[in-house]
Amino acid sequence: MDGFDIISNYTFNDAKIINFKERPELEGKNLTYSPKHSVSSSIIWNNKVLNTSLKCLYKSKQYGDDANENILDGYFTIDLMLSKPIKDHLIISLDIEDMLNNRHMATINYISPGRLINGRIAFQF
């Protein structure tokens, strides 16, 4: 089916430790890996020639430890997916994640790989 779809989402998260008898020094601290603000938006264009999807994601800073001492910076990514149906059940696609190659700390021990390019051939039934 031809046409445009737009999908957007905003999440506000204020997840804090309220009561923790075993470690009271953590009370009032934010939960790890819980950004306060998260925004995503996608534009999807399906047509007879080439299906296209563009997705933008923003996550604000977050904490990488229980004591909220290790701050992970916020980040912004853009993803692109191109797909083409071939015959009745065959689909080929190209996915480019993090087109801007915005490497960021995903956790305190893991840095994102940056730009990823994946090709796919799928059989749909």
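Because the structure is a prediction, the values reported are computed rather than measured. The chain is numbered in sequence order, starting from 1.
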(message) So, taking the atom named OG in S41 and the one named OH in Y10, what distance separates them when rounded to the nearest 0.5 Å?
(response) 14.5 Å

(request) Report, as yes or no, whether the 6.0 Å neighbourhood of atom CD1 on I111 holds more than 12 heavy atoms from other residues, nucleotides or ligands. (result) yes

(message) Quick check for you: to the nearest 0.5 Å, what is the distance between D79 atom CG and S40 atom OG?
(response) 10.5 Å

(request) Tell me yes or no: between the side chains of S38 and T11, is some donor less than 3.5 Å from an acceptor? (result) no

(message) Using every non-hydrogen atom in the two residues, find where E27 and K21 come nearest and quote the distance to one decimal.
(response) OE2-N, 4.3 Å

(message) Within the structure provided, determine whether L80 and K55 are in side-chain contact (heavy-atom separation under 4.5 Å).
(response) no

(message) If hydrophobic clusters are built from ILVMFWY residues whose side chains come within less than 4.5 Å, do V49 and L94 share one?
(response) yes

(request) Rounded to the nearest 0.5 Å, what's the gap from CG on L31 to CD1 on I17? Could you check? (result) 5.5 Å

(request) Please find out if less than 6.0 Å separates the ring center of F125 from that of H89. (result) no

(request) To the nearest 0.5 angstrom, please state how far the CG atom of N13 sits from the CD atom of Q62. (result) 10.0 Å

(message) Measuring only between side-chain heavy atoms, which start at C-beta, is K61 closer than 4.5 Å to I71?
(response) yes

(request) Quick one: closest heavy-atom pair of K29 and A67, and the distance? (result) NZ-O, 3.6 Å

(request) Starting from I6, walk the hydrophobic network (Ile, Leu, Val, Met, Phe, Trp, Tyr; side-chain heavy atoms closer than 4.5 Å) and list everyone else you reach, by chain and number. (result) F4, I43, W45

(request) With sequence neighbours left out, write down each residue that passes salt bridge (Lys or Arg N to Asp or Glu O under 4.0 Å) with D14, or none if nothing qualifies. (result) K16, K36

(request) With the side chain counted from C-beta on, respond yes when P85 and N51 share a heavy-atom pair under 4.5 Å apart, and no when they do not. (result) yes

(message) If hydrophobic clusters are built by linking Ile, Leu, Val, Met, Phe, Trp and Tyr wherever their side-chain heavy atoms come under 4.5 Å apart, do M99 and L82 end up in the same one?
(response) yes

(request) For R23, enumerate each residue passing the side chain to side chain contact (heavy atoms under 4.5 Å, CB included) test, keeping only those at least two apart in sequence or located in another chain. (result) F20, E25, L26, D66

(request) Please check if atom CD1 in I86 has more than 12 non-hydrogen atoms from other residues, nucleotides or ligands closer than 6.0 Å. (result) yes

(message) Taking I96 as the starting point, is it possible to reach I78 by hopping between hydrophobic residues whose side chains are less than 4.5 Å apart?
(response) yes

(message) In the structure I gave you, are the side-chain heavy atoms of L57 and V39 within less than 4.5 Å of one another anywhere?
(response) no

(message) When you measure from the side chain of N118 to the backbone of D95, do you find a donor-acceptor pair of N or O atoms at a distance under 3.5 Å?
(response) no

(message) Is the shortest side-chain heavy-atom distance between I108 and L72 below 4.5 Å?
(response) yes

(message) Please identify which of these residues, E97, H104, R115, meets the side-chain contact (heavy atoms from CB on, under 4.5 Å) condition with T77.
(response) H104

(request) Tell me whether the centres of the aromatic rings in H37 and Y58 are closer together than 6.0 Å. (result) no

(message) With rounding to the nearest 0.5 angstrom, report the CD1 to CD1 distance, I44 to I7.
(response) 4.0 Å

(request) Check Y75 against N102 and note the closest heavy-atom contact, atom names and distance. (result) CB-ND2, 4.0 Å

(request) Verify, without hydrogens or angle tests, whether N68 (side chain) and N30 (backbone) share a donor-acceptor contact under 3.5 angstrom. (result) yes

(request) Can you measure from CD1 (I91) to CZ (R120) and round to the nearest 0.5 angstrom? (result) 7.0 Å

(message) If you compare all heavy atoms of P35 against all heavy atoms of K59, which two are closest, and at what distance to 0.1 Å?
(response) CG-CD, 4.1 Å

